[in-house]
**Student:** 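The structure follows.
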Amino acid sequence: MTIAEFQEKGEAALKACLLEVDAVSNLDDLNVFKGRHLGKKSALTGFYQMMRSVDPAERKEFGILLSRLKDKIEAVYAKKASEIEAKLLSEKMARKKVDITLPGFYPLAGAIHPYQKVVREITDFFVGLGFDIADGPEVESDENNFAKMNIPMDHPARDMQDSFSIAEGVVLRSHTSAVQARVMAAMKGKAPIKVICPGKVYRRDNDATHSHQFGQIEGLVISRDATFANLIEILTKLLRHLFGEKRAVRFRPSFFPFTEPSIEADISCFECDGKGCSFCKHTGWIEILGAGMVHPNVLRLNGYDAEELQGFAFGLGIDRIAMLKYGIDDIKRLYADEADFLAQFRKE
């Protein structure tokens, strides 16, 4: 085949391609079109097979012209393929139309539980004062839970705490004072001790403000120079840290078997600012926590020299603080899986 003959036949093949492409309207037609003009039986493939019969002197030019013809036919095919794909996509979008005026759907954001918020706030406060954090088991020995806290078998305080018995001499701890006993045992009569003990405790209570399970944070300081004034200062700063710097704080005498003297701390009511309302039972004050100087018997029962060392201890309810801070009306809300209740704390 000569160059002139190829040019004539090549132009005819390209013309046929251009005439047929307009009739292609779907993928099936496109596949037929591709086979006819680019497949094994196409005129283009026949031209490649004829290269052996081309004069060697013209073979290079023949190859260049053939390559250009192939590029033109492939361009025609590619353009039509693109048009069909765009058409199919448009039809699909029309069938599955998205209403962009609807709001989007987002995964719900979590939040720190109010119980944990209080735990973090209190522990951060005490860590800032140099306190360590101690933990212990929730199933405890009677000795750690009661005896080492100056609460013998016949003491009425055992009835006040009404604990759950697991086996003889084993209970669900009724206060985190048991952790204090473990800390003192580990220190083997040495001081100083400066520790807080957060955790769950268990008592037979069940009403809107009490639960069989609740949280406590107790603190213990033992040293040669720990004083009642130190205790008052720390508790005053803690309560104002939790409830606001303007909150008035008062302390009144009380009784606990593990402290002597013992006190209870109140804050001025934040509903009526101390004037008296139903929230504070018209007293102007809200009871918050108990504290006192460590009873000498507790020091001796835990291997400490009560003549050389002294200390103070305090305890507050995590749930009670959370209920007061966030206006929670029932302690059971802290332990129920109520999405609507918990959602409000995402704003905190």
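Here, residue 1 is the first one in the sequence, and each next residue gets the next number.
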**Student:** If you apply the rule side chain to side chain contact (heavy atoms under 4.5 Å, CB included), what do you find for R224 with Q310, and how did you get there?
**Tutor:** CA-CA 6 Å; R224 293 183 181 277; Q310 58 191 22; over 6 Å; no
**Student:** Please enumerate all residues that pass salt bridge (charged side-chain N to carboxylate O under 4.0 Å, His left out) together with K275, with sequence neighbours excluded.
**Tutor:** none
**Student:** Can you tell if the side chain of C17 reaches within under 4.5 Å of the side chain of Y77, non-hydrogen atoms only?
**Tutor:** no
**Student:** Applying side-chain hydrogen bond (donor to acceptor under 3.5 Å, both in side chains), name anything that partners D225, two or more places apart in sequence or on another chain.
**Tutor:** S223
**Student:** Taking salt bridge (charged side-chain N to carboxylate O under 4.0 Å, His left out) as the cut-off, I'd like each qualifying pair that reaches into residues 288-297, sequence neighbours left out, listed once.
**Tutor:** none
**Student:** With a 4.5 Å cut-off on side-chain heavy atoms, are Q180 and V298 touching?
**Tutor:** no
**Student:** Could you walk me through whether M184 and I193 pass the side chain to side chain contact (heavy atoms under 4.5 Å, CB included) test, one step at a time?
**Tutor:** CA-CA 8 Å; M184 288 186 280; I193 291 176; 3.9 Å; yes
**Student:** Do side-chain atoms of S262 reach the backbone of T259 as a donor and acceptor pair under 3.5 angstrom?
**Tutor:** yes
**Student:** Test your reading of the model: is there a side-chain donor-acceptor pair from T123 to the backbone of V119, 3.5 Å cut-off?
**Tutor:** yes
**Student:** Not counting sequence neighbours, which residues clear side-chain hydrogen bond (donor to acceptor under 3.5 Å, both in side chains) with E264? List them please.
**Tutor:** S254
**Student:** Does the plane of the ring in Y115 sit parallel, tilted or perpendicular to the ring in H113? Use 30° and 60° as the thresholds.
**Tutor:** perpendicular
**Student:** With heavy-atom distances below 4.5 Å as the criterion, would you say the side chains of R120 and I112 are in contact?
**Tutor:** yes
**Student:** So, R320 side chain and E287 main chain: donor-acceptor pair closer than 3.5 Å or not?
**Tutor:** yes
**Student:** Could you verify whether a donor N or O on one side chain and an acceptor N or O on the other, from N145 and S177, lie under 3.5 Å apart?
**Tutor:** no
**Student:** Would you verify whether the NZ or CZ of K188 falls within 45 degrees of the ring axis of Y304 while also being under 6.0 Å from that six-membered ring's centre?
**Tutor:** no
**Student:** Quick check: are there more than 12 heavy atoms from other residues, nucleotides or ligands sitting under 6.0 Å from NZ of K325?
**Tutor:** yes
**Student:** Please round to the nearest 0.5 Å and tell me the distance separating atom OH of Y202 and atom CZ of R173.
**Tutor:** 7.5 Å
**Student:** Using only atom types and a distance under 3.5 Å, with no angle test, would you say the side chain of D330 pairs donor to acceptor with the backbone of R333?
**Tutor:** no
**Student:** Which pairs count as ring-ring contact (aromatic ring centres under 6.0 Å, His included) when at least one residue sits in residues 215-251, sequence neighbours excluded?
**Tutor:** F125-H241, F243-F270
**Student:** Please step through side chain to side chain contact (heavy atoms under 4.5 Å, CB included) for the pair M153 and F146, ending with a clear verdict.
**Tutor:** CA-CA 8 Å; M153 288 295 295; F146 291 118; over 6 Å; no
**Student:** Where do D29 and A23 come nearest, in terms of heavy atoms and distance?
**Tutor:** OD2-O, 3.9 Å
**Student:** Closest heavy-atom contact between S165 and V171?
**Tutor:** CA-CG1, 4.2 Å
**Student:** Look at the side-chain heavy atoms of Ile, Leu, Val, Met, Phe, Trp and Tyr, link any pair under 4.5 Å apart, and say whether V32 and L27 land in one connected group.
**Tutor:** no
**Student:** Report the distance from atom CD of Q213 to atom CD1 of I331, rounding to the nearest 0.5 Å.
**Tutor:** 9.0 Å
**Student:** For residues R203 and L172, determine if any side-chain heavy atom of one lies less than 4.5 Å from a side-chain heavy atom of the other.
**Tutor:** no
**Student:** Under a 3.5 Å distance rule, please check whether N150 uses its side chain to pair with a backbone N or O of P257 as donor and acceptor.
**Tutor:** yes
**Student:** Do any pairs count as a ring-ring contact (aromatic ring centres under 6.0 Å, His included) and have a residue in residues 16-35, sequence neighbours left out, and if so which ones?
**Tutor:** F33-H37
**Student:** Rounded at 0.5 Å granularity, tell me how far CG in L242 sits from CG in L289.
**Tutor:** 9.5 Å
**Student:** What donor-acceptor contacts under 3.5 angstrom involve side-chain atoms of residues 81-92, with partners at least two apart or in another chain?
**Tutor:**
unit_1	atom_1	unit_2	atom_2	d
E83	OE1	K80	NZ	3.3

**Student:** Check A226 against M293 and note the closest heavy-atom contact, atom names and distance.
**Tutor:** O-CE, 3.7 Å
**Student:** Starting at CD1 of I318, measure out to CD of Q216 and round the result to the nearest 0.5 Å.
**Tutor:** 8.0 Å
**Student:** F214: which residues meet the ring-ring contact (aromatic ring centres under 6.0 Å, His included) condition with it, sequence neighbours left out?
**Tutor:** none
**Student:** Are side-chain heavy atoms of I217 and T176 found at a separation under 4.5 Å?
**Tutor:** no
**Student:** Going from NZ on K190 to CG on L309, what distance comes out if it is rounded to the nearest 0.5 angstrom?
**Tutor:** 13.0 Å
**Student:** Sequence neighbours left out, what passes salt bridge (charged side-chain N to carboxylate O under 4.0 Å, His left out) with R182? Give chain and number order.
**Tutor:** E140
**Student:** Under the side-chain hydrogen bond (donor to acceptor under 3.5 Å, both in side chains) test, which residues partner R95, sequence neighbours left out?
**Tutor:** none
**Student:** Looking at P198 and D135, what are the two nearest heavy atoms and their distance?
**Tutor:** O-OD1, 4.1 Å
**Student:** Within a strict 4.5 Å, meaning less than it, do heavy atoms of the M149 and N302 side chains meet?
**Tutor:** yes
**Student:** What are the two closest non-hydrogen atoms of V195 and F131, and how far apart are they?
**Tutor:** N-CD2, 3.5 Å
**Student:** Tell me whether I321 shares a hydrophobic cluster with L129, the cluster being built from Ile, Leu, Val, Met, Phe, Trp, Tyr side chains joined at under 4.5 Å.
**Tutor:** yes
**Student:** Looking at the rings of F314 and F126, which for Trp means the six-membered one, are their centres under 6.0 Å apart?
**Tutor:** yes
**Student:** Is there a path from L301 to V183 through hydrophobic residues (I, L, V, M, F, W, Y) whose side chains come within less than 4.5 Å of each other?
**Tutor:** no
**Student:** Taking side chain as C-beta onward, heavy atoms only, is W285 less than 4.5 Å from C269?
**Tutor:** no
**Student:** Set out, in order, the CA-CA distance, both residues' side-chain angles and the distance that settles side chain to side chain contact (heavy atoms under 4.5 Å, CB included) for L299 and D305, then state yes or no.
**Tutor:** CA-CA 7 Å; L299 291 172; D305 186 345; over 6 Å; no
**Student:** Is K15 paired with E20 through a side-chain N to carboxylate O contact shorter than 4.0 Å?
**Tutor:** no
**Student:** Please tell me whether V221 and I133 are part of a single hydrophobic cluster in this structure, the criterion being side-chain heavy atoms less than 4.5 Å apart.
**Tutor:** yes
**Student:** With sequence neighbours excluded, what pairs up with R250 under the salt bridge (charged side-chain N to carboxylate O under 4.0 Å, His left out) test?
**Tutor:** D266
**Student:** Hey, what do you get for CZ (F341) to CD1 (I328), rounding to the nearest 0.5 Å?
**Tutor:** 4.0 Å
**Student:** Check G136 against V179 and note the closest heavy-atom contact, atom names and distance.
**Tutor:** N-CG2, 3.9 Å
**Student:** Look at E233 together with K237 and state whether they make a salt bridge at an N to O cut-off of under 4.0 Å.
**Tutor:** yes
**Student:** Answer yes or no: is there a side-chain heavy-atom contact under 4.5 Å between L334 and P114?
**Tutor:** yes
**Student:** What residues form a side-chain hydrogen bond (donor to acceptor under 3.5 Å, both in side chains) with E74, not counting sequence neighbours?
**Tutor:** none
**Student:** Without swapping roles, check the side chain of R240 against the backbone of R247 for a donor-acceptor pair under 3.5 Å.
**Tutor:** yes
